[in-house]
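In what follows, a structure is listed as structure tokens, so that the remarks can point back to it.
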Amino acid sequence: MRLLIVEDDNRVAAALAGVMARHGFTVFRAATGAEALARLPDADVVLLDLGLPDTDGFDVCRRIRAGSDVPVIVVTARAELSARIHGLNLGADDYMVKPVNGAELVARIHAVMRRGRGDAARGRDDDDRTVVAGPVTIDLAVRTVHVGGAPVVLTRREFDLLAALARQPGLVYRRGQLVAEVWGTYDASAERTLEVHIGSLRAKLGDHALIETVRGVGYRIVADAPGGR
Ligand code: CA
């Protein structure tokens, strides 16, 4: 897998490149936005810094999305929620705040690659769109949820939230990312709304341990038998 690291800081780029090479990626680098766009056709996945010398990383993200579906993971020192939401709204597939953990980054890359394949396969390969977590079976293709074989009725938002978490069982989804995916926008009340929906989902699924709260970060589904490959 060919990984394009867009990063102007030589030390950060070298450290990231080393970690990712050890994980089996073929790594190449761009130090500016212009270089990133020039090298884009060679990339299977892009790690994108926001603070670049020639242009804003958000602008690079927008220009990548104008002509390409390549997965983009924003990797930046900017931790504010508004920046994260903005990046995701521009079409970034994920967002990580520096310093990044190499193992988490690899997991997130695999998740966004799988997500892309899942989108492509939707409607053709329904088995691949079923997630089993304990007694809960989530069919992403036909939007049904069963607990112990019995159907559970969810609202549209509840299902969208569950589906967002179920795309990669075990992976932690950040609150801002879930809000952006399920509600599409962010305002001051969004995180409270997210908490309320998590609460109602847990109650309806009858298993409070299924959706785990990762303090200070977000949520993840604890899945003992992920159905996606
Ligand atoms: Ca930078």
Side-chain angles (χ1 to χ4, degrees), residues 1-116 168 171-181 184-187 190-191 214-218 220:
M1 203 183 308
R2 295 162 304 171
L3 175 71
L4 172 57
I5 296 178
V6 185
E7 171 64 69
D8 59 316
D9 184 315
N10 288 334
R11 261 187 40 217
V12 173
L16 261 180
V19 170
M20 301 315 288
R22 278 198 296 282
H23 278 92
F25 291 87
T26 301
V27 180
F28 58 115
R29 180 190 166 200
T32 66
E35 207 182 322
L37 293 169
R39 307 205 65 180
L40 187 68
D42 298 324
D44 296 313
V45 59
V46 178
L47 301 186
L48 178 61
D49 179 32
L50 289 184
L52 295 169
D54 59 335
T55 177
D56 191 277
F58 288 131
D59 186 49
V60 176
C61 186
R62 191 176 344 187
R63 288 163 72 180
I64 289 174
R65 270 299 160 265
S68 168
D69 289 328
V70 68
V72 175
I73 299 178
V74 169
V75 178
T76 177
R78 294 172 61 174
E80 324 93 82
L81 185 61
S82 59
R84 280 188 255 154
I85 299 283
H86 190 47
L88 293 168
N89 282 342
L90 286 178
D93 295 273
D94 207 344
Y95 199 109
M96 289 185 76
V97 176
K98 292 175 187 170
V100 300
N101 174 278
E104 186 187 0
L105 179 56
V106 170
R108 286 173 178 272
I109 288 174
H110 286 148
V112 298
M113 301 298 286
R114 223 179 326 246
R115 212 179 290 170
Q168 183 51 33
L171 190 72
V172 179
Y173 287 88
R174 292 167 193 275
R175 285 195 206 88
Q177 182 185 358
L178 291 169
V179 168
E181 286 190 25
T185 56
Y186 177 80
D187 65 55
E191 297 215 8
V214 181
R215 203 167 291 281
V217 183
R220 67 171 174 173

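Counting starts at 1 for both ligands and their atoms, in listed order.
Shown here for L171 and A111, the closest heavy-atom pair between the two residues is CD2-CB, 3.6 Å. R175 approaches G216 most closely through the heavy-atom pair NH2-N, 3.7 Å. Residues C61 and G91 approach most closely at SG-C, 4.2 Å, considering heavy atoms.
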Sequence neighbours left out, cut at 3.5 Å: what donor-acceptor pairs do the side chains of residues 43-53 make with other protein atoms?
residue	atom	partner	partner atom	Å
D44	OD1	R2	NH2	3.1
D44	OD2	R2	N	2.7
D44	OD2	R2	NE	3.2
D49	OD1	K98	NZ	3.2

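Excluding waters, the set of protein N, O or S atoms lying under 3.0 Å from the Ca ion (ligand 1) comprises D8 OD1, D49 OD2, G51 O.
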As a quick check of understanding, evaluate side-chain contact (heavy atoms from CB on, under 4.5 Å) for L37 and I64, giving each step before the final call.
CA-CA 7 Å; L37 293 169; I64 289 174; 3.9 Å; yes
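Side-chain polar atoms of R29 and N10 form a donor-acceptor pair below 3.5 angstrom.
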